[in-house]
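Input: a single structure, listed below in structure tokens.
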Amino acid sequence: MKRDGRMKQMVTVLAMAGMAFAVAGCSGDSGTRNDSAQTAETADAQMSGTTEAAGEAQEQGALPEQETVTVQDPQEWEWDAQDKETLRYAFAEAFGGRAGVCVPMAALSDGERMAIVKEQFNSVTMENEMKPDTLLGNKPVIGEDGFPVLSFTVPDMMLKEIKAYNDTEGRDGRKIMVRGHVLVWHSQTPEWFFHEEYNVDKPYVDKQTMLARMENYIRQVMEHYEGEDSEYKGMIYAWDVVNEAVNDTDGGMRTDSSWFRVFYSFDYVEWAFVYANRYAPAHIRLFYNDYNDIHPKKSDGICKLIEQIKSNPEARIDGMGMQGHYDMNFSDVLFKQSVRKYAAVVDEIQITELDLKASTGFDGTDMEEEYQKQADVYKSLYDAVKSLKQEGVPITAIVFWGTDDRHSWLQSANAAGGSADGTRVQCPLLFDKDYEKKPAFWAFVDDSKPEPAAE
């Protein structure tokens with residue numbers, strides 16, 4: 001979810017190009033729940049011939065053949081003594097996955113948060129900087145081909161800083177890779193993108209026109225980051241292709257969306273994965289991403305959607321992103337059941353936006369007790385991940401939605417899925433407001449040490 005004043009902060013940060021890359025608190029990502037509009041009939045017949053109608057964008061074809069990128073098994077990475085009490089080491093050893101964190105742009109000068117990122121993580125997800133509203137902008141800039149011209153200034157600042165760090169770091173396990181987030185989403189996509197002449201006062205475009213716009217958008221993103229001359233080639237290891245297309249009530253499609261108002265079906269999701277497959281190199285893993293991911297009806301609906309995507313021979317979907325905005329009532333039983341369902345239809349699962357809302361009634365007066373409760377819940381989740389690994393279920397990353405409690409999006413109330421309601425103090429992450437390690441940190445790294453080691 002977009003934090004108020006984000007764009008003002010971005011403009012300020014753009015003037016700080018010489019400063020070290022650092023991480024700030026992350027606002028939540030989930031869209032509002034579907035509570036209105038009725039699902040219309042799917043017009044499959046109208047979609048025949050869509051590929052032909054997409055015209056110029058499709059004729060440009062996929063990216064040129066690229067050098068093969070070797071993806072090393074995290075359990076084969078080499079480590080030394082300084083890595084032993086880090087999340088990236090613990091995850092690689094325990095289940096062969098990456099340790100990730102949400103990275104916004106707003107605090108490039110915060111050295112303490114930068115230290116947490118460099119010392120603990122080897123995957124970052126940008127908070128807002130790779131979303132459509134950032135790349136498309138508030139007002140359309142239309143090229144000679146009739147499609148919007150994307151601006152990569154903001155995300156490229158962050159990628160330059162990540163690359164500079166990686167160029168000084170020799171070990172693969174310490175290098176920071178990027179989860180691209182997100183290509184197609186009903187939220188944080190400018191409304192003008194869906195309308196005739198890119199004008200919100202005009203009607204919605206037809207399906208064929210919208211698909212051409214979608215394809216062109218995805219092609220531009222992939223060419224910028226994976227093209228032959230891109231300085232960022234190989235830095236992105238996964239993309240959330242589509243975010244939050246399924247509703248929370250019955251597992252059907254979300255209808256409070258301009259994508260729905262153009263298509264009246266899930267077809268746009270399927271085509272997003274066709275275009276992502278067409279332009280993304282084979283080493284980039286393509287994900288569907290959603291919240292309330294362990295609710296039985298919704299997880300069933302997600303699996304049904306994934307099956308639809310897989311039925312298209314031109315589409316590719318590799319993984320399911322379970323956002324993981326959980327609370328203290330987290331059920332490891334439901335978690336395992338849902339992961340197994342997803343693993344039956346995709347090759348891998350990642351927990352992509354993990355945090356824990358505080359206990360009901362928590363007022364902030366007994367932090368030690370709440371910290372221990374939180375550590376216990378996180379440990380139950382981690383034990384479930386390791387147990388699933390033993391079953392052969394491929395969970396390949398755990399990504400936390402922020403570094404520290406002070407900057408968590410849960411400190412502010414909003415109506416987004418997975419959000420907090422503003423009625424109680426929150427302490428959802430592994431580092432406290434002073435950037436100190438909490439018992440929850442040790443639940444992942446070394447559960448024999450519930451408290452940080454003495455200085």
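The residues of the chain are indexed from 1 along the displayed sequence.
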* To do: Assess whether atom CD of Glu191 is packed by more than 12 heavy atoms of other residues, nucleotides or ligands within 6.0 Å.
  => yes
* Asked: In terms of side-chain heavy atoms, does Glu119 have a donor or acceptor partner in Thr86 at a distance below 3.5 Å?
  -> no
* Asked: Checking Asn312 side chain against Glu314 main chain: does a donor-acceptor pair fall under 3.5 Å?
  -> yes
* Does the side chain of Val178 reach to within under 4.5 Å of the side chain of Leu159, using non-hydrogen atoms? -> yes
* Asked: Using the ring of each side chain (for Trp, its six-membered ring), is Phe152 parallel, tilted or perpendicular to Tyr225, with breaks at 30° and 60°?
  -> perpendicular
* Asked: Side chains of Phe263 and Trp271: does their closest heavy-atom pair fall under 4.5 Å?
  -> no
* Asked: How far apart are the closest heavy atoms of Arg88 and Asn122, and which atoms are they?
  -> CB-ND2, 3.5 Å
* To do: Find the distance between NZ (Lys437) and CG (Asp432) and round it off to the nearest 0.5 Å.
  => 12.0 Å
* How long is the gap from CG on Asp133 to OG on Ser187, to the nearest 0.5 Å? -> 8.0 Å
* Asked: Cationic tip of Arg278 within the cone over Phe273's six-membered ring, i.e. under 6.0 Å and within 45° of the normal?
  -> no
* **Ile218 side chain reached by Met214 side chain, heavy atoms, under 4.5 Å** => yes
* Asked: If you measure only the distance, is there a donor-acceptor pair under 3.5 Å linking the side chains of Tyr326 and Asp293?
  -> yes
* Asked: So, Asn292 side chain and His295 main chain: donor-acceptor pair closer than 3.5 Å or not?
  -> no
* What pair of heavy atoms forms the shortest contact from Asp318 to Val346, and how long is it? -> O-CB, 3.6 Å
* Asked: Between Tyr268 and Trp259, how do the two ring planes meet: parallel, tilted or perpendicular, split at 30° and 60°?
  -> parallel
* Report yes or no: is the cationic atom of Arg113 (NZ for Lys, CZ for Arg) under 6.0 Å from the centre of the six-membered ring of Phe431, at an angle within 45° of the ring normal? => no
* cation_pi(Lys175, Tyr165) dist<6.0 Å, angle<=45 -> no
* To do: Check the pair Ile294 / Met322 against side chain to side chain contact (heavy atoms under 4.5 Å, CB included), numbers first and verdict last.
  => CA-CA 8 Å; Ile294 65 175; Met322 303 174 67; 3.8 Å; yes
* To do: Could you tell me whether Lys357 and Asp355 have a side-chain N and a carboxylate O separated by less than 4.0 Å?
  => no
* Asked: Side chains of Pro140 and Pro148: closer than 4.5 Å at any heavy-atom pair?
  -> no
* To do: Please name the pair of heavy atoms, one in Ala343 and one in Val393, separated by the smallest distance, quoted to 0.1 Å.
  => CB-CG1, 3.9 Å
* Asked: Quick one: does Asp172's side chain have a donor or acceptor within less than 3.5 Å of a partner on Trp77's backbone?
  -> no
* Asked: Tell me, do Ile162 and Val124 make a side-chain contact under 4.5 Å, heavy atoms counted?
  -> yes
* Salt-bridged, Glu348 to Arg285, with N to O below 4.0 Å? -> yes
* Shortest non-hydrogen contact from Ala315 to Ile309? -> CB-O, 3.5 Å
* **Presence of salt bridge, Arg219 and Glu223, under 4.0 angstrom** => yes
* To do: Could you tell me which residues satisfy salt bridge (Lys or Arg N to Asp or Glu O under 4.0 Å) with Asp434, sequence neighbours excluded, listed by chain and number?
  => Arg406
* To do: Flag the pair Phe287 / Val241 as yes when at least one side-chain heavy-atom distance between them is below 4.5 Å, and no otherwise.
  => no
* Structure fact -> Those residues at least two apart in sequence (or on a different chain) that pass ring-ring contact (aromatic ring centres under 6.0 Å, His included) with Tyr382 are Phe91, Phe444
* With distance as the sole test, does Lys310 use its side chain to make a donor-acceptor pair with the main-chain N or O of Val345 at under 3.5 Å? -> yes
* Check the angle between the aromatic planes of Tyr204 and Phe194 and answer parallel, tilted or perpendicular using the 30° and 60° thresholds. => perpendicular
* To do: State, without any angle test, whether Gln220 and His224 hold a side-chain donor-acceptor pair at a distance under 3.5 Å.
  => no
* Structure fact -> Between Val184 and Ala272, the two heavy atoms sitting closest are CG2-CB, 3.9 Å
* **Gap between atom OG1 of Thr134 and atom CG of Leu150 - 0.5 Å precision** => 11.0 Å
* Distance in Å, Tyr275 OH paired with Asn216 CG, rounded so as to fall on 0.5 Å steps -> 11.0 Å
* How far apart are the C-alpha atoms of Ile317 and Leu286, what are their side-chain angles, what is the distance that settles it, and do they pass the side chain to side chain contact (heavy atoms under 4.5 Å, CB included) test? -> CA-CA 5 Å; Ile317 180 169; Leu286 304 180; 5.5 Å; no
* **side chain to side chain contact (heavy atoms under 4.5 Å, CB included) assessment of Val117 paired with Ile176** => CA-CA 9 Å; Val117 176; Ile176 296 173; 3.9 Å; yes
* Nearest 0.5 Å, what's the CD-CD1 distance between Glu353 and Ile398? -> 14.0 Å
* Does the side chain of Asn138 reach to within under 4.5 Å of the side chain of Pro190, using non-hydrogen atoms? -> no
* Looking only at side chains, do Ser123 and Tyr237 share a donor and an acceptor under 3.5 Å apart? -> yes
* Passes side chain to side chain donor-acceptor pair (under 3.5 Å), Glu226 versus Tyr232? Steps please. -> CA-CA 7 Å; Glu226 304 300 332; Tyr232 311 112; over 6 Å; no
* Asked: Going by atom types only, do Tyr435 and Asp405 share a side-chain donor-acceptor pair under 3.5 Å?
  -> no
* Asked: So, Lys131 and Asn128: side-chain donor and acceptor under 3.5 Å apart, yes or no?
  -> yes
* To do: Determine yes or no for a side-chain-to-main-chain donor-acceptor pair under 3.5 angstrom, with Ser311 supplying the side chain and Gln308 the backbone.
  => yes
* To do: Enter the distance from Asn243:CG to His181:NE2 here, rounded to the nearest 0.5 Å.
  => 5.0 Å
* To do: Could you please spell out the steps behind the side chain to side chain donor-acceptor pair (under 3.5 Å) verdict for Gln374 and Lys438?
  => CA-CA 10 Å; Gln374 181 193 59; Lys438 295 161 56 181; 3.1 Å; yes
* Residue list, side-chain hydrogen bond (donor to acceptor under 3.5 Å, both in side chains) with Asp300, at least two apart or on another chain -> Lys341
* Asked: Does Lys233 come within less than 4.0 Å of Glu228, counting only side-chain N to carboxylate O?
  -> no
* **Nearest atoms (heavy-atom pairs only) where Ala245 meets Phe266** => O-CE2, 3.3 Å
* Apply side chain to side chain donor-acceptor pair (under 3.5 Å) to the pair Gln350 and Arg179, showing each step before the final yes or no. => CA-CA 11 Å; Gln350 294 184 352; Arg179 289 193 84 258; 2.6 Å; yes
* Asked: Would Phe330 and Phe335 count as a close aromatic pair, with their ring centres under 6.0 Å?
  -> yes
* Is there side-chain contact between Cys102 and Phe400, with at least one heavy-atom pair below 4.5 Å? -> no
* In terms of side-chain heavy atoms, does Tyr291 have a donor or acceptor partner in Asp248 at a distance below 3.5 Å? -> yes
* **side chain to side chain contact (heavy atoms under 4.5 Å, CB included) assessment of Met114 paired with Asp110** => CA-CA 6 Å; Met114 174 53 192; Asp110 191 329; over 6 Å; no
